Structures are given as structure tokens and as C-alpha cells.
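Notes follow once the structure below has been shown.
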Protein chains: 2
Amino acid sequence: MFHTMNQRPPTRLEYALLGLLHQQPQSGYDLRKVFATTALGNYSSSPGAIYPALKRLETKALVGSEIDDARALRPRKVYRPTPDGSAVFRAWLVQDISTDDVARGFDELMLRFAFHWVLDAPAASYEFLHTLADLLGRYTKELEAQRRMFPPEAPVQSRLALDAGIEQYRAAARWARKSRKHFKEDT
Amino acid sequence: MFHTMNQRPPTRLEYALLGLLHQQPQSGYDLRKVFATTALGNYSSSPGAIYPALKRLETKALVGSEIDDARALRPRKVYRPTPDGSAVFRAWLVQDISTDDVARGFDELMLRFAFHWVLDAPAASYEFLHTLADLLGRYTKELEAQRRMFPPEAPVQSRLALDAGIEQYRAAARWARKSRKHFKEDT
DNA sequence: TCGCACATGTAACGTGTTACATGATTCA
DNA sequence: TGAATCATGTAACACGTTACATGTGCGA
């Protein structure tokens, strides 16, 4: 059932929740704890963000919920992805990535990759890292060009700040090139 | 005149604008072009963000404006920081940085450092990079610990995504340690 | 004449932040 | 008795995103 009735796409937070629910069905409270303890893309664990997001996912029919009333201080509402939710999530995972994604939304790309296990398709992960490495290399070169364009009288700190960005992207590119080998031997 | 009447602190975008205005008085249109062309922390150049932000800064009396009516297709509104604006901006630059800033707001820290030339105080820049290097080292260790805690049956992709973060923070730490030498020879 | 660069702005909308509300159970 | 943990939620607010509105002058 794929008649996406002009619904706007899920938020980053919504995707993150959807991904965690693929790991195992959980309650809002559980999910909050995950965000609070792990360094998961540093999302907020505030109830004012999580609970409304879960409700949105439910009205979009991407997740379903059932009350776990048995043995609990207060009844827990446990969410799990619906088939539609799974499909939408997988579609997000395999979306084409653009240069713009690398520059503006690198965090989101990492979030996507972290959930690539849902696909269980090494070829897809390889492809992802391959194009990511390519785009990172390109973007790094772009930043380096910008650095060379810097007027000599420009303040040191600005130049150094740009260097920091370059170094970080270089590190990410190295990581991507190295990591893709986990998914394909040759080439 | 420092009676900050419980005003909430400026946004990241507002700080960025304030910083650019310290470089030279500019109009909203000029500022938009800066955001559009340079890789300045990848802020948005949308008019719906810039113009309201400038207006907010003006009502807070952190910037002043004057109309440049002479020889222009349409009159330009040129903004420049007020003494109060300068003070607030400098205060932001020299704010103490915490572990949380490193984990959640690294971009903002880089933005701050990029504008450190406003202070014209090498000692302050050294101090900034020194503590930044320290905090980055600490946070990297924390991530490494988290990585070791990873259960062996956890998916490869999740572990690799964490590795990406670690590598990026490591690169940033190296950068900070190396760059601080620009501001102090010994030690 | 068509469209683009200049230049400023507003309106609707959604979402995250912060703070608050509720209420049961366990432990000191 | 009081505090902490479990567990869900709402309300006000501010901000950014997107899209639209407006109008001039210049070059093809």
C-alpha cells in the first residue's frame, strides 16, 4: 500500500526513532534513554520532542502501538514499525546522496549508514560508502580551493577554522575509503 | 550600558551575522551572499531567516542601521554593530567551553574561533585552542570507551559509524593541538 | 521585451526547546 | 515523609523553511 497522500517526509528525528524501532519494539521512554546515553547523532532526549514525533509517526501509519499494561508502574506504550514504515525507512536508507548532503547534512548521512544493517545488503553499504568517499574527496578539494583563494591579509583564525573543516572532511574520506572494504574484497 | 534586561541570548545565526558585521558594515543582501558563497558553517542564506534576524538584533540594540539611498537600484539598509553589540559578541567569543559544547555544538565552537580575530588577543586564541584540544581528547576517549562496550554481535555498520565520529574528533584534536602553536611559541 | 541581478520583506507552517503536570512505586 | 525512578504527555514559545510579493535597472 504505497499511496503516499502528499505526506511530507519524516524528520531526521522521526527517521532515527523509526530506525531504533527496527532494532526492537520500544516505548517512548526507552527511546529517550537511548538518546540520553549513547552518542547517537546527539539528538535530544526531551519528551517534548520524542512523544509528539512518535504520535506523528503513528498518524502517518509508519508505526503501530500497543499498550503493555502487565506488570508496570504505569502502562507502557510500545511502538513497532508497520510494513509501510519499514518501506519508507528503507527508501530513506538507499536514497541517492548528493554533494549538498555531504556539505550540509553529514550527520544525517552517518545516521543513515548506522542503520544500514536493516537492509542486510553488503552491496548497498559498499555503494553508499563508495559514492560517499567520492563526494567527500570532491568537497575536500572544493574547500582546499577556497582556502587557496583566501586573501593573505585575512585573519589567521579564519583560515585555521577552515583548516579544521578540511581536516575533518579528509578524515571522513579516509574512513569511507577504508570502511568500504568491509563490504567488498576486490577492486 | 550593560543592563541586559533579561533578554534571551542571540541565536547562532545572529552571532554569525554580528561577526560578519564586525568585518565591515553590510546590508542583508550582502550577508546573504556571504552565506551562499562561502562554506561558513553552512548557514542558510534564505531571506526568511536573515532579515528577521537582523531586525531582532536591531530591536535588541546590538546593531544599528542606516539607509544607503545614494546610487542604488533600491535603497540598501546597511547594518553595523553598536558598542553593546560588540560587547555581547566579544563575551560570546570568550565564553568558557564545556564538554557538552564539544559533543553537541562543535560547529558553533568553530564559528566562534573563526571570529576570534575580533578580540585581537593571541593569548585568548591560544587558551581557546588549548582547552578545546583537551576537551576533544577527553571526548574522543569517551567515544572509544563506548566503542569497546559495543556488543560483538552488533551490526558492523553501527560500529563503523561510531568509528567515523571518532576519526573526525581525532582529526579535530590534532588540528587544535597543532594550531595553538600559532599563538604561543613555548610550552 | 524578456529575464536576470539587485534588494527588502512578509505569511504560513512545522518542529524542537523549555518548562510544567500527573501519578504510581520503591527506597532511605 | 520525602525523594528518585518509571512513564506519558501538554502548552507556550521562538526559530528556520518555504514560498510569495514587490519593484528598479541593465543587458541580450
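What you are looking at is a predicted structure, and each value in this text was computed from that prediction instead of being measured. Just so it is clear: chains get the letters A, B, ... in the order the sequence lines come, proteins before strands, and each one is counted from 1.
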Expressed in angstrom and rounded to an integer, what is the separation of [X] atom [atom1] from [N] atom [atom2]?
X       : N      : atom1 : atom2 : answer
B:Lys55 : D:dG16 : NZ    : P     : 15 Å
A:Tyr29 : D:dC6  : OH    : C1'   : 5 Å
B:Leu54 : C:dG9  : CG    : P     : 9 Å
B:Phe35 : C:dA7  : CZ    : C1'   : 17 Å
A:Arg32 : D:dT5  : CZ    : P     : 13 Å

Exercise. Looking for any heavy atom pair under 4.0 Å, which part of the strands does A:Ser46 touch: base, sugar-phosphate only, or nothing?
Worked result: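 It contacts base atoms.
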Exercise. At how many degrees, to 10°, do the end axes of the helix from C:dT1-D:dA28 to C:dA28-D:dT1 meet when each uses five pairs?
Worked result: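 One end's axis against the other's: 20°.
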Problem set entry | Nearest non-hydrogen partners of B:Leu111 and B:Ala16, listed with the distance |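 Where B:Leu111 meets B:Ala16 most closely, the heavy atoms are CD2-CB, 4.0 Å.
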Judged by atom type as modelled, is there a donor-acceptor pair below 3.5 Å linking the side chain of [X] to the main-chain atoms of [Y]?
X       : Y       : value
A:Thr82 : A:Ala61 : yes
B:Asp30 : B:Ser27 : yes
A:Gln26 : A:Leu20 : yes

Any idea which of [options] is nearest the [X] side chain?
X       : options                : result
A:Arg74 : D:dT17, C:dT15, C:dG23 : C:dG23
B:Tyr79 : D:dG16, C:dT8, C:dG9   : C:dG9
B:Ala49 : D:dC15, D:dA19, D:dT17 : D:dT17
B:Arg56 : C:dT15, C:dT17, D:dG16 : D:dG16

Exercise. For residues 47-57 of chain B, which residue pairs qualify under side-chain hydrogen bond (donor to acceptor under 3.5 Å, both in side chains), counting only residues two or more places apart or in two chains?
Worked result: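 Listed once each, the pairs are B:Glu14-B:Arg56.
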For this session: Taking the side chain as every heavy atom from C-beta outward, state whether A:Arg80 and A:Gln24 have any atom pair closer than 4.5 Å.
Result: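 A:Arg80 does not reach A:Gln24 side chain to side chain.
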For this session: Sequence neighbours left out, what passes ring pair (Phe, Tyr, Trp, His ring centres under 6.0 Å) with B:Phe113? Give chain and number order.
Result: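 Ring pair (Phe, Tyr, Trp, His ring centres under 6.0 Å) check on B:Phe113 returns B:His116, B:Phe128, B:Trp175.
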Exercise. Does B:Tyr79 have any ring pair (Phe, Tyr, Trp, His ring centres under 6.0 Å) partners at least two apart in sequence or in another chain, and if so, which?
Worked result: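 Testing B:Tyr79 for ring pair (Phe, Tyr, Trp, His ring centres under 6.0 Å), a comparison that skips the adjacent residues, returns none.
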Problem set entry | D:dG9 OP1/OP2 closer than 4.0 Å to side-chain N/O of A:Lys77 |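 True: A:Lys77 side-chain N/O within range (under 4.0 Å) of D:dG9 OP1/OP2.
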Exercise. Could a donor-acceptor pair under 3.5 angstrom be found where the side chain of A:Arg76 meets the base of D:dT8?
Worked result: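 By the distance-only test, no, there is no pair.
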For this session: Check DNA chain D against residues 20-28 of chain A and give the residues with a non-hydrogen atom under 4.0 Å, in numerical order.
Result: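 Going residue by residue through residues 20-28 of chain A, the ones with a heavy atom under 4.0 Å of DNA chain D turn out to be A:Ser27, A:Gly28.
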Compile the donor-acceptor pairs under 3.5 Å between side chains in residues 153-166 of chain A and protein atoms, sequence neighbours left out, one pair per line.
residue	atom	partner	partner atom	Å
A:Gln157	NE2	B:Ser125	OG	3.0
A:Ser158	OG	B:Ala114	O	3.0
A:Asp163	OD1	A:Arg147	NH1	2.6
A:Asp163	OD2	A:Arg147	NH1	2.7

